[in-house]
Each structure stands twice: as C-alpha cells, then as structure tokens.
K.L.:
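My structure is below; once you've seen it, I'll send some questions.
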Amino acid sequence: MEKKKFVYLDNAATTPISSEVYRDMIEAYGKFYGNNSSIYQLGREADNALEEARAKIAKAIGANANEIYFTSGGTEADNWAIKGIARANKNKGNHIITSAIEHPAILESCKALEDEGFKVTYVPVDEYGVVKYAEIIKAMGPDTILISIMTANNEVGSLQPIRAIAELARANDVIFHTDAVQAVGAIDINVKDIKIDALSISSHKLYGPKGVGALYVRKGVKIDRIIDGGSQERGMRAGTINVPAAVGFGSAVERACANIDENNKYLKSLRRYFLKSVSEKIHNISLNGHPSQRLQGNVSISFEGAEGESVLMLLDRDGISVSTGSACAAGNLEPSHVLLAMGKDEDARSTIRFSFGLNNTKEDIDYTVNKLQKVVKKLRSISAVRIYKNKVEL
Ligand code: PLP
C-alpha cells in the first residue's frame with residue numbers, strides 16, 4: 001500500500017511562512033517589542049524596523065513609502081479602499097464600478113455602500129473569468145467616482161485587463177483600485193506604470209505571516225479613514241501595528257518580488273505536469289479560467305459527475321488539502337459566485353481548486369493524481385447521476 005503523504009495544494013487560501021521570513025520575524029519579536037509610536041529608543045528602533053518594511057513593500061510595487069499604509073490584511077485593505085474612497089469623493093458622484101467575480105471583501109463593502117445610497121455596477125465576465133472591458137466603458141457615467149477590479153481572480157486564476165481599465169479611469173478622472181492580493185509576488189506590478197490609484201496586498205498569500213497587509217494609496221487620492229482612534233499610520237489608520245508581523249511581511253514581499261520569473265517557471269512546470277497527468281488519467285473534466293492570461297500556481301478543474309465537497313473530503317482522508325473555491329467560501333455549500341458568473345452553472349458544484357506553491361514537488365503531484373483518480377472514480381460510481389454512465393468513464 002502506498003504510504004500516506006501530506007500534500008498541501010491550497011496555496012491560494014494561504015501559504016506557509018518561508019523559513020527566511022520566519023527567521024526574520026523571530027529576530028524581530030525579540031528585538032522590536034517597543035511600541036513604534038513611543039519616542040524613546042526602543043520605540044524608535046521598532047519604528048525604524050516598521051519603516052524598513054514599508055520601504056520594501058513600496059519598492060516591490062513601484063510606490064513611494066509614504067503611499068503605503070499597513071492594515072490587518074487584504075480584507076481590511078479592500079474595505080478601506082472601497083468605503084474610504086467612496087465616502088471621501090461623494091461630492092463628485094455616487095457611482096462605483098466593480099466586477100461580479102471580486103472577493104467578498106470587495107462585494108460586501110460595495111453592498112454596505114449601497115445601503116448608504118451609493119450605486120454599484122457589477123460588471124460581468126466572459127467564460128474565462130475575464131472582466132468585459134466593453135461593459136466597464138458602458139457603465140461609466142458622470143457620477144462614476146471609483147472603479148475596483150481585481151488584478152487576478154482567486155478562484156480560477158484569470159488575470160484581469162487592469163492596465164486598460166486603469167488608463168480608462170485616469171482619462172476620465174475616476175479613481176482606480178485593484179485587489180492585488182493574489183497577484184503581488186506572482187506577477188510584476190508597477191503602480192505608477194499601470195496608473196493604479198489604490199491597491200490591496202496581503203502578506204499571507206506570499207509566504208509571509210497572517211493578519212497583516214497593506215493598502216497603497218497614490219499621493220493626492222482622497223480617502224477617508226475607516227478605523228478611528230490614535231494617530232498611527234500618519235493619522236489614517238488607528239491601532240498599534242504588529243511590528244514583527246510587518247517585518248515578516250516586508251521580508252516576504254521583497255523575496256517574492258525578487259524571484260517572480262524563477263518562481264513562475266517552477267509553478268508553470270508543476271501546472272503542466274499536473275494537467276498532463278490528470279487529463280491522461282481522468283476523463284470528462286473541464287478546466288476553468290483563462291488558458292494563458294493567468295496565475296501559474298492555480299488550476300481549477302470541474303469533474304463531471306463528482307461533487308466537489310466530496311472530492312475535497314476524500315482527498316483530505318488521503319492527506320491532500322485542496323479547496324472547492326475560495327477559503328472564505330469554505331463551509332458554504334452555495335456554488336461559487338465566480339463560476340456562476342462565468343456561466344458554469346452545471347460545473348459549479350463539481351469544481352476543485354488546486355493551488356500550487358513553491359514547496360510542492362512532482363512527487364506531490366504523482367501522489368495527488370493517483371488518489372484523485374480513485375476518488376473521482378468512486379464518486380462517479382456511487383453518484384445519483386448515473387445518467388452520466390455513457391459519458392463518464394466509470
Ligand atoms: N482578496 C482576494 C482576491 C483574496 O484572495 C483574499 C484572500 O483569500 C482576500 C482579498 C482577503 O485577504 P485576507 O485573507 O488577508 O483578509
């Protein structure tokens with residue numbers, strides 16, 4: 001019998017902390033316990049470490065350090081961008097454009113603003129999960145103040161045409177925000193070159209610690225604060241920053257952004273290897289997301305006649321961690337809003353997201369595909385959907 005392995009294939013949900021980041025954080029926990037707002041030496045040292053981390057994050061995306069604000073993660077950065085920018089600019093208009101496939105941190109923030117009287121257009125996507133640019137142009141009006149479109153989708157990995165959207169926004173004096181939580185460290189992003197006005201990042205998607213992230217806000221963009229209290233983060237985001245976590249975040253971003261090409265080459269080779277093996281061993285499957293304009297670590301596959309949650313549970317018994325969509329939808333049996341927006345109604349309940357990371361190997365893939373083949377076969381054979389019999393290999 002094959003020995004049980006542990007294979008983590010949910011790196012889009014979160015990544016393990018890299019050993020270098022871990023080392024940097026341990027050192028920071030020991031050294032920088034002062035409150036970085038305190039003006040004595042211990043505080044100043046913590047503050048210097050925080051500013052060094054800020055500078056690394058700014059450099060990674062081509063921003064200035066004074067345009068980076070630390071947050072508790074991607075969700076807070078998204079909430080702040082949407083609510084803070086809309087509220088600060090409501091004298092100019094009350095219309096926001098976003099897409100149907102955004103993360104709930106964006107969608108729920110937009111919903112909250114609808115309750116405040118803002119109007120939101122949720123632009124559709126094509127069958128590859130790519131936002132329809134023409135629909136954004138159609139939605140633009142004199143009251144449009146903000147466009148928020150993610151850089152890369154977290155469920156199917158499709159990259160969005162943010163350069164064109166940012167150009168359009170700038171030409172029309174509309175603020176452009178992008179949720180780049182899945183993209184920073186995975187693709188090159190230069191906020192000045194792409195004309196991005198605000199951008200959300202999260203540390204735990206790029207081998208850094210959880211509970212820390214950042215919002216880039218271009219100098220001159222009006223944004224209200226949403227967390228009231230002390231004068232931290234230049235008066236824009238109250239609360240004592242977790243300096244060791246920020247140090248780990250800075251270290252993680254620096255490392256990820258310095259090795260994008262090399263990392264992508266590796267992830268692409270894993271992706272190809274996995275797809276070749278899966279398609280040879282399991283039939284009646286379909287791939288979701290854009291074939292080329294995509295994150296290399298993400299593979300979303302629908303297995304006809306095999307229910308996604310059941311595939312997930314059975315793979316878990318074999319020590320393999322995958323997800324049915326995004327981590328935030330885990331435990332929620334509703335079909336993914338992303339797949340539904342892509343018109344994948346039938347497939348939405350039989351989809352698994354495999355997200356590879358730098359720690360994965362070809363042996364992990366061999367083990368996974370071997371188990372997956374058995375799991376899918378078993379589920380198809382007991383599935384009530386016996387009508388598949390003629391179509392599906394049992
Ligand atoms: N935006 C996207 C695209 C994500 O994938 C996630 C996390 O899954 C978030 C936002 C939320 O980030 P965080 O987990 O840091 O709050």
Side-chain angles (χ1 to χ4, degrees), residues 8-17 21 57 61 68-83 98-112 122 125 129-131 148-160 162 177-187 189 196 198-216 226-227 237 239 241-242 245-246 248-250 252-253 256 288-290 294-295 297-300 321-332 336-339 341 353-357:
Y8 183 71
L9 294 180
D10 203 13
N11 290 276
T14 193
T15 47
I17 295 191
V21 169
I57 293 156
I61 58 166
I68 301 293
Y69 299 90
F70 284 105
T71 65
S72 61
T75 298
E76 185 192 325
D78 282 346
N79 267 263
W80 186 11
I82 298 292
K83 295 172 186 170
T98 188
S99 83
I101 58 160
E102 298 296 314
H103 188 272
I106 295 288
L107 295 175
E108 294 298 318
S109 297
C110 286
K111 264 200 219 154
Y122 301 88
V125 296
V130 176
V131 167
S148 178
I149 303 290
M150 67 199 330
T151 310
N153 181 263
N154 48 314
E155 294 191 30
V156 296
S158 303
L159 300 180
Q160 305 301 322
I162 61 160
H177 164 258
T178 187
D179 172 345
V181 165
Q182 294 285 338
V184 172
I187 58 167
I189 298 177
I196 297 169
L199 174 146
S200 305
I201 321 178
S202 179
S203 152
H204 73 102
K205 307 286 184 180
L206 36 82
Y207 307 92
K210 293 166 198 26
V212 61
L215 181 65
Y216 149 79
I226 59 166
I227 298 192
R237 194 273 186 185
I241 301 282
N242 180 347
F249 178 23
V253 172
N288 302 307
H290 199 280
R294 60 173 306 97
L295 296 175
N298 167 298
V299 180
S300 167
S321 312
V322 295
S323 75
T324 48
S326 60
C328 47
N332 170 2
S336 141
H337 70 286
V338 175
L339 293 167
R353 177 184 71 182
F354 304 86
S355 46
F356 303 110

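Counting starts at 1 for both ligands and their atoms, following the listed order.
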K.L.:
Show me which atoms of ligand 1 lie under 4.0 Å from any heavy atom of Ser202.
P.N.:
13 (P), 15 (O)
K.L.:
Considering only heavy atoms, does Asp78 approach ligand 1 within less than 4.0 Å through its side chain, its backbone, both, or neither?
P.N.:
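For Asp78, only side-chain atoms sit under 4.0 Å from ligand 1.
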K.L.:
Heavy atoms only, cut-off 4.0 Å: how does Thr75 contact ligand 1, side chain, backbone, both, or neither?
P.N.:
both
K.L.:
Is the backbone N or O of Thr71 less than 3.5 Å from a side-chain atom of Tyr69, with the two atoms forming a donor-acceptor pair by type?
P.N.:
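Not at all, since once roles are kept as given, no pair shorter than 3.5 Å links the two residues.
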K.L.:
Of the side chain and backbone of Lys205, name the one, both, or neither that has a heavy atom under 4.0 Å from an atom of ligand 1.
P.N.:
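The answer is the side chain of Lys205.
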K.L.:
Taking side chain as C-beta onward, heavy atoms only, is Ile68 less than 4.5 Å from Ile61?
P.N.:
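When only atoms from C-beta onward are counted, Ile61 and Ile68 do touch, with a gap below 4.5 Å.
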K.L.:
Minimum heavy-atom separation for Phe249 and Ser203, please, with both atom names.
P.N.:
CD1-CB, 3.2 Å
K.L.:
Could you pull out, from Glu76, Gln182, Met150, Glu155, the option with a heavy atom nearest to atom 5 (O) of ligand 1?
P.N.:
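Considering heavy atoms of Glu76, Gln182, Met150, Glu155, the nearest to atom 5 (O) of ligand 1 sits in Gln182.
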K.L.:
Considering the heavy atoms of Gly73, write down every atom of ligand 1 situated less than 4.0 Å from one of them.
P.N.:
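Contacts of ligand 1 toward Gly73, numbered from 1: 15 (O).
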K.L.:
My understanding is that only residues two or more places apart in sequence, or in another chain, count here; which of them pass side chain to side chain contact (heavy atoms under 4.5 Å, CB included) with Ala245?
P.N.:
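Pro209, Val212, Asn242.
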K.L.:
Can you name the atoms of ligand 1, numbered from 1 with element, that are less than 4.0 Å from a heavy atom of Gly74?
P.N.:
12 (O), 13 (P), 15 (O), 16 (O)
K.L.:
Any heavy-atom pair between the side chains of Arg237 and Ser72 that's under 4.5 Å?
P.N.:
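Sidechains of Arg237 and Ser72: in contact.
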K.L.:
Give a yes or no on whether the backbone of Ser158 and the side-chain of Gln160 come within a donor-acceptor separation of less than 3.5 Å.
P.N.:
yes
K.L.:
For ligand 1, which atoms have a heavy atom of His204 less than 4.0 angstrom away?
P.N.:
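Listed by number with element: 13 (P), 14 (O), 15 (O).
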